Amino acid sequence: QVQLVESGGGMVQAGGSLRLSCAASGRTTSSFVMGWFRQTPGKERDFVTSITWSNGNTLYADSVKGRFTISKDNANKTVYLQMLNLKPEDTGVYYCALGLAGGYFATRHAERFGYWGQGTQVTVSS
């Protein structure tokens, strides 16, 4: 069983920055993938970014390219999401996710992630 614990959400003005963290515990494979998704009320959960643990391959949604950076700490099995130049449309609940069969290429498909965190709220005011 895998557990994911997120932290770092909050409220910030447009143009500001936040960093989210997600620590994984439990039994994982050597080639898992971790990612971030976000959701706003009444909408589906959208892909933000993901990273493969084996080789650090990354993938970003077009809407966050150049502003968000995903990184990982292998020793602590933690993934980070650095968010810069935040916009009101970035507001939502951000979910960390982990998929045990990550391979060498990051993915945007939610069905590839079998474990999810509890979510952390990010609010960007204009």
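The shown structure was predicted, so the numbers you read here are calculated from the model rather than taken from an experiment.
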Would you confirm whether [X], through its side chain, and [Y], through its main-chain N or O, come within 3.5 Å as a donor-acceptor pair?
{"X": "Thr40", "Y": "Gly92", "answer": "no"}
{"X": "Arg38", "Y": "Arg45", "answer": "no"}
{"X": "Thr52", "Y": "Ser54", "answer": "no"}
{"X": "Glu6", "Y": "Gln118", "answer": "yes"}

message = The criterion is side chain to side chain donor-acceptor pair (under 3.5 Å); which residues satisfy it with Thr49, sequence neighbours excluded?
response = none
Close side-chain approach of [X] and [Y], heavy atoms under 4.5 Å:
{"X": "Cys96", "Y": "Trp36", "answer": "yes"}
{"X": "Asp90", "Y": "Arg67", "answer": "yes"}
{"X": "Phe113", "Y": "Ser50", "answer": "yes"}
{"X": "Met34", "Y": "Lys72", "answer": "no"}

ask   = Within a radius of less than 6.0 Å around CD of Glu111, do more than 12 heavy atoms belonging to other residues, nucleotides or ligands occur?
value = yes
request  = Examine Leu81 and Phe32 and state if one hydrophobic cluster contains both, with Ile, Leu, Val, Met, Phe, Trp and Tyr joined whenever side-chain heavy atoms are less than 4.5 Å apart.
outcome  = yes
inquiry  = Please determine whether residues Tyr115 and Val79 belong to a single hydrophobic cluster, defined as Ile, Leu, Val, Met, Phe, Trp and Tyr linked transitively by side-chain heavy-atom distances below 4.5 Å.
reply    = yes
message = Using 30° and 60° as the class boundaries, would you call the ring planes of Tyr94 and Phe68 parallel, tilted or perpendicular?
response = tilted
query = Is there a donor in the side chain of Thr123 and an acceptor in the side chain of Gln121, or the other way round, less than 3.5 Å apart?
reply = yes
query = With sequence neighbours left out, which residue pairs that include part of residues 77-88 fulfil the side chain to side chain donor-acceptor pair (under 3.5 Å) condition?
reply = Thr28-Lys77
Show me the side-chain donor-acceptor pairs of residues 7-20 shorter than 3.5 Å, one per line, residues at least two apart or across chains.
none

ask   = Looking at Ile70, Ile51, Val48, which one forms a side-chain contact (heavy atoms from CB on, under 4.5 Å) with Tyr60?
value = Ile70
ask   = Hey, mind stepping through Leu98 and Leu4 against side-chain contact (heavy atoms from CB on, under 4.5 Å) and telling me if it holds?
value = CA-CA 8 Å; Leu98 184 148; Leu4 302 174; 4.1 Å; yes
remark   = dist Cys22:SG -> Tyr95:OH (nearest 0.5 Å) comes out at 13.0 Å
key: Spatial distance of atom OG (Ser21) from atom CG (Asp73) [nearest 0.5 Å]   = 10.0 Å
